[in-house]
A.B. asks: 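Supplied in structure tokens, the structure appears directly below.
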Amino acid sequence: MSKQQAVAQVVRILIPAGKAAPTPPVGPVLGARGVKSMDFCREFNARTAHIEPGMPTPTLITVQPDRTFSFVIKTPPTSYFLKKAAGIEKGTGKPGHGVAGTVSLKHIYEIAKIKARDDNVKHLRLEAIARTIVGTAKTLGVQVVP
Amino acid sequence: MSFLQALRRPRLSNACWRIRTLHSSQSRFTPSAGDAVKKGEASPVEAETSAPQTLSSCVAGTPLEGVNWLKNQAPVQALPDEDYPPWLWKVLEPREFDDPEKAEKYRLRQINRKHIREKNYMSTQ
């Protein structure tokens, strides 16, 4: 075996904006990697202060071997926006069969404008982002009406 | 494959016209400009299908739910149809390409992906 090298650990987690607390699920996940959860929560809440409180915010936390951390915040999941726009709690259990809710193209446009702020889609045209959202709606069972 | 070979293939524009005629047989909705803000469902209205403009069922002024993600953001309202980019009305239809080579590349990529998915599934059986 080669010499053990310390590697940065990555944590993917969905946290309500402005409401990070040391309690589960955030606390144990960070504590297991040696990060002080109070520090993280304070910083996270400060960075998500402009977002509507309670919005599920995907974050990618990178914990270095010396227990320092950095995190990236992304826009809320597309499925969350679509379910809210259609007024449904859950998508259909059988994608492709049956309609769970309806959404207008104008909703799709507005959601695409929000998602365009994400780093991983910066190279895409707004039309391409809108098409991916229509694809997500299809798997949710949400019908898109012009 | 040569450029001439690609030119000889049936034009995609025929498919587009077919799709357009399918849509015209369904009912279309008109926007009524300057409508008062309506809570709940927008009421659809029948319109002539020969209108060149694509029409939306969402009347201007309808509040759009689920799009408020910033704190203290004013409720987002639907704008009149003209304020939206023209590509938005084609987002539900399959993609059209002006360049036949790009169209071929797209088509082949779809076929390849489908083939890979089927092969992966069959390897689990």
Side-chain angles (χ1 to χ4, degrees), chain A residues 16-19 45 48-57 73-89 101-118 125-138 140 142-146, chain B residues 19-20 22-24 26-31 38-45 47 49 51 53-97 106 110 113:
Chain A
K19 290 191 181 165
N45 290 335
T48 56
H50 65 290
I51 302 178
E52 178 82 27
M55 277 247 164
T57 314
I73 295 180
K74 307 181 194 178
T75 49
T78 309
S79 59
Y80 173 80
F81 281 125
L82 284 169
K83 282 189 269 188
K84 255 176 81 178
I88 52 177
E89 281 292 316
T102 319
V103 136
S104 163
L105 271 183
K106 298 192 177 177
H107 286 107
I108 303 285
Y109 180 75
E110 296 294 331
I111 296 171
K113 267 170 50 182
I114 298 174
K115 297 302 283 185
R117 293 158 141 250
D118 254 345
R125 303 184 325 268
L126 201 57
E127 178 186 354
I129 297 172
R131 280 182 183 270
T132 64
I133 295 169
V134 168
T136 309
K138 212 194 288 188
L140 275 179
V142 169
Q143 193 184 24
V144 182
V145 180
Chain B
I19 290 165
R20 283 220 188 107
L22 261 175
H23 272 256
S24 64
Q26 297 168 11
S27 61
R28 284 283 186 198
F29 305 114
T30 32
K38 279 194 226 163
K39 303 283 179 205
E41 294 300 307
S43 50
V45 175
T49 54
Q53 238 178 335
T54 15
L55 306 166
S56 169
S57 65
C58 198
V59 174
T62 324
L64 295 177
E65 299 285 318
V67 186
N68 287 46
W69 74 299
L70 296 174
K71 207 192 278 193
N72 302 327
Q73 189 183 10
V76 181
Q77 295 205 332
L79 305 167
D81 289 357
E82 293 79 32
D83 291 357
Y84 289 100
W87 52 257
L88 182 64
W89 313 113
K90 306 203 183 102
V91 147
L92 295 175
E93 297 162 22
R95 280 182 71 183
E96 303 164 9
F97 294 91
Y106 180 77
Q110 300 277 301
R113 282 195 188 147

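Labels below follow one simple rule: chain letters A, B, ... track the order of the sequence lines, proteins then strands, and each chain is numbered from 1.
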A.B. asks: Could you measure the distance from the CG atom of B:Leu70 to the NE2 atom of A:His50? Nearest 0.5 Å is fine.
C.D. replies: 6.0 Å
A.B. asks: Surrounding CG of B:Asn72 (heavy atoms of other residues, nucleotides or ligands, distance under 6.0 Å), is the total greater than 12?
C.D. replies: no
A.B. asks: Which region of A:Leu126, side chain (C-beta onward) or backbone (N, CA, C, O), has a non-hydrogen atom less than 4.5 Å from a non-hydrogen atom of chain B, or is it both or neither?
C.D. replies: both
A.B. asks: Could you pull out all residues at least two apart from A:Asn45 that satisfy side chain to side chain donor-acceptor pair (under 3.5 Å)?
C.D. replies: none
A.B. asks: Under a 3.5 Å distance rule, please check whether A:Lys84 uses its side chain to pair with a backbone N or O of B:Glu65 as donor and acceptor.
C.D. replies: no
A.B. asks: State, to 0.1 Å, how close A:Ile114 and B:Val67 come at their nearest heavy-atom pair, and which atoms those are.
C.D. replies: CD1-O, 3.4 Å
A.B. asks: Identify which part of A:Val134 has an atom lying under 4.5 Å from any heavy atom of chain B, answering side chain, backbone, both or neither.
C.D. replies: side chain
A.B. asks: I'd like to know which of A:Lys113, A:His107, A:Lys83, A:Met55 tops the heavy-atom pair count under 4.5 Å against chain B.
C.D. replies: A:His107
A.B. asks: Answer yes or no: does atom CD of B:Gln110 have more than 12 heavy-atom neighbours from other residues, nucleotides or ligands under 6.0 Å?
C.D. replies: yes
A.B. asks: How long is the gap from NZ on A:Lys106 to CG on B:Leu88, to the nearest 0.5 Å?
C.D. replies: 9.0 Å
A.B. asks: Of the backbone (N, CA, C, O) and the side chain (C-beta and beyond), which part of B:Val76 lies under 4.5 Å from a heavy atom of chain A, both, or neither?
C.D. replies: side chain
A.B. asks: To the nearest 0.5 Å, how far apart are NZ in B:Lys71 and OG1 in A:Thr48?
C.D. replies: 8.0 Å
A.B. asks: How many angstroms lie between atom CH2 of B:Trp69 and atom NZ of A:Lys115, to the nearest 0.5 angstrom?
C.D. replies: 9.0 Å
A.B. asks: Would you list the pairs meeting side-chain hydrogen bond (donor to acceptor under 3.5 Å, both in side chains) in which at least one residue belongs to residues 127-136 of chain A, sequence neighbours left out?
C.D. replies: A:Arg125-A:Glu127
A.B. asks: How long is the span from the CH2 atom in B:Trp89 to the OH atom in A:Tyr109, to the nearest 0.5 Å?
C.D. replies: 10.5 Å
